[in-house]
Amino acid sequence: MENKKVTVLGGCGFVGMKLTTALLSQGASVHILDVTELPQELKDAQREKKKGRTKLTFTKGSVTDYACLLQCFSSFSPDIIVHLASWGM
């Protein structure tokens with residue numbers, strides 16, 4: 001996964017966090033799109049990005065918002081998109 005760009009839709013959930021952590025450890029650049037706030041575990045990884053150690057970016061938004069998706073995909077240009085978003089009850 002080294003040098004791959006991966007967008008994880010719904011990346012702030014349990015599975016999304018585990019996937020993101022694994023992808024980052026394998027050298028991928030990861031962009032998360034989620035309606036919730038970035039969990040602390042991933043905020044720590046994002047802080048490391050500022051030090052040049054990881055490649056994590058985050059957009060707060062919904063997969064149902066076409067303009068948000070378009071902006072996310074055009075600015076990050078992912079090689080892979082993983083859809084884990086769901087409607088929480």
Side-chain angles (χ1 to χ4, degrees):
M1 292 304 281
E2 194 167 351
N3 299 321
K4 292 288 184 183
K5 294 170 79 176
V6 183
T7 293
V8 182
L9 306 175
C12 291
F14 180 78
V15 175
M17 285 193 317
K18 299 301 180 189
L19 175 63
T20 297
T21 302
L23 290 168
L24 290 170
S25 72
Q26 293 178 16
S29 295
V30 181
H31 183 84
I32 295 173
L33 175 68
D34 204 304
V35 296
T36 63
E37 295 295 327
L38 196 62
Q40 189 61 47
E41 178 180 335
L42 295 177
K43 283 182 183 177
D44 294 341
Q46 194 173 37
R47 276 192 211 98
E48 293 298 309
K49 177 187 184 289
K50 294 176 183 173
K51 298 175 186 175
R53 295 186 187 140
T54 63
K55 304 168 187 172
L56 175 64
T57 55
F58 173 74
T59 299
K60 184 172 181 175
S62 174
V63 296
T64 62
D65 181 346
Y66 179 74
C68 182
L69 280 175
L70 187 60
Q71 188 276 330
C72 178
F73 295 154
S74 64
S75 67
F76 187 67
S77 301
D79 299 307
I80 301 167
I81 299 169
V82 180
H83 191 314
L84 299 174
S86 66
W87 186 257
M89 295 285 177

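In this text the structure is predicted, and so the values were computed from the model without any measurement.
L23 and F73 fall into different hydrophobic clusters, where Ile, Leu, Val, Met, Phe, Trp and Tyr residues are linked whenever their side-chain heavy atoms come under 4.5 Å apart, directly or through other members. Under the 4.5 Å side-chain contact rule for hydrophobic residues, L9 and L42 do not share a cluster. By the criterion of side-chain heavy atoms lying less than 4.5 angstrom apart, applied directly or through intervening Ile, Leu, Val, Met, Phe, Trp or Tyr residues, F58 is grouped together with V82 in one hydrophobic cluster.
When all heavy atoms are compared, the tightest approach of K55 to G27 is NZ-O, 3.8 Å. In terms of heavy-atom proximity, T59 sits nearest to C68 at CG2-SG, 4.2 Å. Residue T36 comes nearest to C12 through the heavy atom pair OG1-CB, 3.3 Å, listed as atom of the first residue, atom of the second, then distance. The shortest non-hydrogen separation linking S74 to S77 is O-OG, 3.5 Å.
Of the inter-residue distances, the one linking I81 atom CD1 with F76 atom CZ reads 10.0 Å to the nearest 0.5 angstrom. Taking CG of D65 as the reference point, atom CD of Q71 lies at 10.0 Å (rounded to 0.5 Å). To the nearest 0.5 Å, atoms NZ (K60) and CD (E37) are separated by 3.5 Å.
Side chains of V8 and V30 form a contact here, defined as non-hydrogen atoms less than 4.5 Å apart. By the 4.5 Å heavy-atom criterion applied to side chains, S29 and V6 are not counted as neighbours. With contacts defined as side-chain heavy-atom distances shorter than 4.5 Å, the pair T57/I32 does not qualify. Counting only heavy atoms from C-beta outward, the side chains of K5 and H31 never approach each other to under 4.5 Å.
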| task | Let me see the working for T7 and I80 under side-chain contact (heavy atoms from CB on, under 4.5 Å), right down to the final yes or no. | result | CA-CA 6 Å; T7 293; I80 301 167; over 6 Å; no

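A donor-acceptor pair under 3.5 Å is absent between the side-chain atoms of D79 and the main chain of K4, judged by distance alone. A donor-acceptor pair is defined here as one N or O able to donate and one able to accept, closer than 3.5 Å; such a pair exists between the side chain of S62 and the backbone of T64.
If you run side-chain contact (heavy atoms from CB on, under 4.5 Å) between V63 and each of D34, V35, L33, only L33 comes through.
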